[in-house]
Each structure stands twice: as structure tokens, then as C-alpha cells.
Amino acid sequence: MTLPPLTLYLAAPRGFCAGVDRAIKIVELALQKWGAPVYVRHEIVHNKFVVDDLRAKGAVFVEELDECPDDRPVIFSAHGVPKSVPAAAQARAMIAVDATCPLVTKVHNEAARHSADGLQMVMIGHEGHPETVGTMGQLPEGEVVLVETEADVAGLVVRDPSKLAYITQTTLSVDDTAGIVAALQARFPAIVGPHKEDICYATTNRQAAVKAIAPKIDALLVIGAPNSSNSKRLVEVGRAAGCAYAQLVQRAVDIDWRALEGIGAVGITAGASAPEVLVNEVIDAFRARYDTTVELVETAQETVEFKVPRVLRESV
Ligand code: 0O3
Ligand code: SF4
């Protein structure tokens with residue numbers, strides 16, 4: 001039986017970013033240093049495959065610090081935590097290791113600096129997302145107001161329109177955020193912005209790669225979890241770039257093959273928390289059904305690396 005021909009356009013960069021790589025390494029090194037169990041507050045990154053793998057090695061995932069015992073190490077997830085969380089761990093004399101991505105911490109510091117200058121913060125982000133909760137939780141209640149959409153800007157109530165700064169979640173859509181920032185600047189001309197984008201290099205590069213493959217493809221598959229904000233944004237970017245069929249899949253088993261019938265070119269990318277092993281699993285599933293040609297579309301090269309905290313560097 002001859003298989004139908006199909007070209008897979010593989011976006012690059014895709015998959016793990018430097019912050020995710022570091023966060024996973026932190027859990028693995030903590031298990032080596034202190035043995036199991038090591039507690040992790042919230043999914044270290046939003047990927048079931050990663051979480052299941054670390055759980056099998058002895059990590060225990062919880063949502064809140066009060067689910068952890070005092071006498072075992074706890075790790076805070078890559079998305080960041082409100083200030084109250086490390087404070088509570090310290091009060092209980094726990095060993096706590098912060099796996100917050102340094103690029104999220106940079107936003108936390110920006111918020112603190114602007115607040116010290118007397119500015120109220122406007123956070124552009126998604127309500128309830130752990131990164132937004134963590135960033136807003138760097139300052140006392142009321143010091144940070146949230147906007148999710150351009151429409152939210154019109155209804156925003158602030159203390160003093162002349163004393164405002166904005167910050168963003170790191171994983172937002174670059175294009176949607178530009179619209180929200182423009183609306184903020186139109187309504188509050190004095191608003192202060194970040195020196196450089198709060199949307200990180202990894203988010204920006206993954207979205208640019210999707211835009212580059214969109215004209216070549218009939219369908220886009222984004223490998224990532226349903227709770228992964230950056231992965232969901234890649235689906236939206238694909239649709240906005242003209243790809244009518246763009247779907248999030250956790251792994252090969254989630255692919256709707258019927259929806260792909262008659263299609264000759266499929267784009268593949270992966271969110272910042274999705275491991276490459278799942279990309280390979282998806283490619284293999286295509287190879288089993290199609291005479292598959294894989295073409296890499298590389299729009300940037302990434303060399304960013306982050307060191308793990310000193311306490312874990314000493315152990316290796
Ligand atoms: O923030 P998001 O839901 O995209 O988180 P993921 O999927 O775990 O990806 C890593 C990104 C991150 C830790 C915050 O920037
Ligand atoms: Fe850090 Fe960006 Fe990765 Fe988030 S997506 S963990 S901010 S590098």
C-alpha cells in the first residue's frame with residue numbers, strides 16, 4: 001500500500017525555553033541533593049508528561065504551601081509566586097528553592113521599582129493564571145490592576161492617571177498585547193512602559209516561527225497542554241496568520257486524523273513547556289500514515305541559558 005504524500009513544516013524555535021529547562025533541572029537536582037520526596041508548589045511547568053516524569057522520580061506536586069510538611073524541601077514553579085509564599089516558607093523554616101524563570105522575576109522587580117517610584121501598576125495578563133497571580137502578588141492589594149483585553153482599558157479605574165506604569169505576563173500574544181498597550185497609551189498618555197518587552201524572547205520567537213510557516217500549511221498542530229498559556233497563544237497566532245485548522249494536542253493520540261484528510265502540508269510547533277520527545281512522537285505518527293517529508297523552518301536561533309540557584313550548583 002502506498003502512503004499519501006505529506007510535508008511537515010517543523011517550526012524552529014519550538015519547545016523548551018531556557019526558563020523551563022532550568023525549572024525542570026532544579027527539581028531533578030533537588031531530588032539528587034535531598035532525596036525524595038521533594039515538594040513542588042504548582043506544576044513546575046504546564047505539561048503533564050514533564051510532571052508525571054518528575055513525580056515518578058519522587059516529586060510531589062501540590063497547589064498550596066500548606067499542603068507541604070515543614071521538614072521537606074519545596075520548589076516554587078517557573079511561573080512565579082506571590083511574595084506571601086516565600087515569606088510563609090521562611091516563617092516555617094522550610095528549605096525553599098525558587099524555580100521562577102529569571103525573566104518573570106525581572107517583571108516582579110520592575111513592578112517593585114515602579115511602585116517605589118509612586119506609580120500604580122497596570123498588569124496585562126490573564127486573570128487567575130499563576131504568573132499573573134504571582135506578579136500581582138509582588139505588591140499590596142490594589143497596587144496592581146489587571147487588564148486582559150483592549151476593551152478592558154476603557155473601563156479601567158485608576159488612582160491617578162498621571163502616575164501609572166504597565167507590565168505584562170511573559171507569554172502573551174505579541175500582536176494582541178501591542179493593541180492593548182496602544183489603548184493604554186491613548187487613554188493614559190503618561191503611562192510608563194517596560195524598558196524592553198516583558199513578553200520574553202522565547203514567546204516572541206515561537207510566535208514568529210508560526211507566522212513564518214502559516215502561509216505554507218493547511219493545518220497547524222501545537223504540541224502543548226490545555227493549561228499552557230504560551231501554547232494556546234501559538235494556536236491563536238496560527239489562526240490569525242490564516243491557518244483555519246489550528247489545534248492544540250498534548251501528544252500523538254490527540255490528533256484528529258479525520259480532520260486532516262486531504263491535507264498535504266501540516267505545520268508542527270511546541271509550546272515552551274512541551275518536551276521534544278512528544279514532537280518526535282507526533283512526527284512518527286505522521287510517518288506511519290503518510291509518505292512524510294519533514295522541512296525545518298528556522299526563524300531564529302536561541303542561545304539563552306539560565307544557571308540553577310547556588311544551593312543546587314554546589315551539589316553537582
Ligand atoms: O505561562 P504558561 O501557562 O505558558 O506556562 P508553561 O506552559 O508552563 O510554559 C512556561 C512559561 C512560564 C513558566 C512562564 O513564563
Ligand atoms: Fe521564562 Fe519565557 Fe520560558 Fe516563561 S516562556 S519560562 S518567561 S523563558
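Atoms within each ligand, like the ligands themselves, are counted from 1 in listed order. All heavy atoms count here, side chains included; hydrogens, waters and symmetry mates do not.
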Exercise for the section: Give yes or no for whether the N/O distance cutoff of 3.5 Å, strictly under, is met between Asn230 and ligand 1. Expected result: yes

Handout entry: Closest approach of any protein heavy atom to atom 10 (C) of ligand 1, naming residue and atom
Key = Val20 CG2, 3.6 Å

Handout entry: pair Thr292-Val294: side-chain heavy atoms closer than 4.5 Å
Key = yes

Exercise for the section: Indicate, as side chain, backbone, both or neither, the part of Glu43 found under 4.0 angstrom from ligand 1 when only non-hydrogen atoms are considered. Expected result: neither

Problem - Sub-3.5 Å N/O-N/O distance, Gln169 and ligand 1 - result: no

Exercise for the section: Have a look around atom 1 (Fe) of ligand 2 and list protein N/O/S atoms under 2.8 Å, or say none. Expected result: Cys101 SG

Handout entry: N/O donor-acceptor pair under 3.5 Å between Asp160 side chain and Ser162 backbone
Key = yes

Problem - For atom 13 (C) of ligand 1, the protein heavy atom that lies nearest, with its residue and separation - result: His79 CD2, 3.3 Å

Problem - Shortest protein contact, atom 6 (P) of ligand 1 (heavy atom only) - result: Ser273 OG, 3.5 Å

Problem - Shared hydrophobic cluster for Val107 and Met123 (ILVMFWY, side-chain gaps under 4.5 Å) - result: yes

Problem - Ion pair check, Glu43 and Arg55, cut-off under 4.0 Å - result: no

Fill in the blank from the handout: Quick note on ligand 2: atoms under 4.0 Å from a heavy atom of Tyr201 include exactly 8 (S)

Fill in the blank from the handout: Closest heavy-atom pair, Thr132 versus Gly125, reported as atoms and distance to 0.1 Å, is OG1-CA, 3.9 Å

Fill in the blank from the handout: Note: ligand 1 atoms sitting under 4.0 Å from heavy atoms of Ala78 are 13 (C)

Problem - Shortest protein contact, atom 8 (O) of ligand 1 (heavy atom only) - result: His46 N, 2.6 Å

Handout entry: Side-chain heavy-atom pair Lys33, Val311 within 4.5 angstrom cut-off
Key = yes

Handout entry: Residue pairs involving residues 220-278 (criterion ring-ring contact (aromatic ring centres under 6.0 Å, His included); sequence neighbours excluded)
Key = Trp257-Phe286

Handout entry: Sub-4.0 Å heavy-atom contact, Asn227 with ligand 1
Key = yes

Handout entry: Protein heavy-atom partner closest to atom 14 (C) of ligand 1 - residue, atom, separation in Å
Key = Glu131 OE1, 3.3 Å

Problem - Expected output: side-chain Thr135 to main-chain Glu131 donor-acceptor under 3.5 Å - result: yes

Handout entry: Note: Arg14-Glu276 ion pair, threshold 4.0 Å (strictly below)
Key = yes

Handout entry: Salt bridge present between Arg233 and Glu236 (N-O < 4.0 angstrom)
Key = yes

Handout entry: Protein contact of atom 15 (O) of ligand 1 - nearest heavy atom, named by residue and atom, plus distance
Key = Thr170 OG1, 2.8 Å

Handout entry: ligand 1 versus Val45: contacting region, heavy-atom distance under 4.0 Å
Key = both

Handout entry: Ion pair Glu63/Arg41, N-O distance below 4.0 Å
Key = no

Handout entry: Minimum-distance protein heavy atom relative to atom 11 (C) of ligand 1
Key = Thr171 CG2, 4.1 Å

Practice task
State whether Asp53 and Lys57 are salt-bridged, where the test is any N-O pair (Lys NZ or Arg NE/NH1/NH2 against Asp/Glu carboxylate O) under 4.0 Å.
Solution key: yes

Problem - Beyond-backbone contact of Leu6 with Leu8, side-chain heavy atoms, under 4.5 angstrom - result: yes

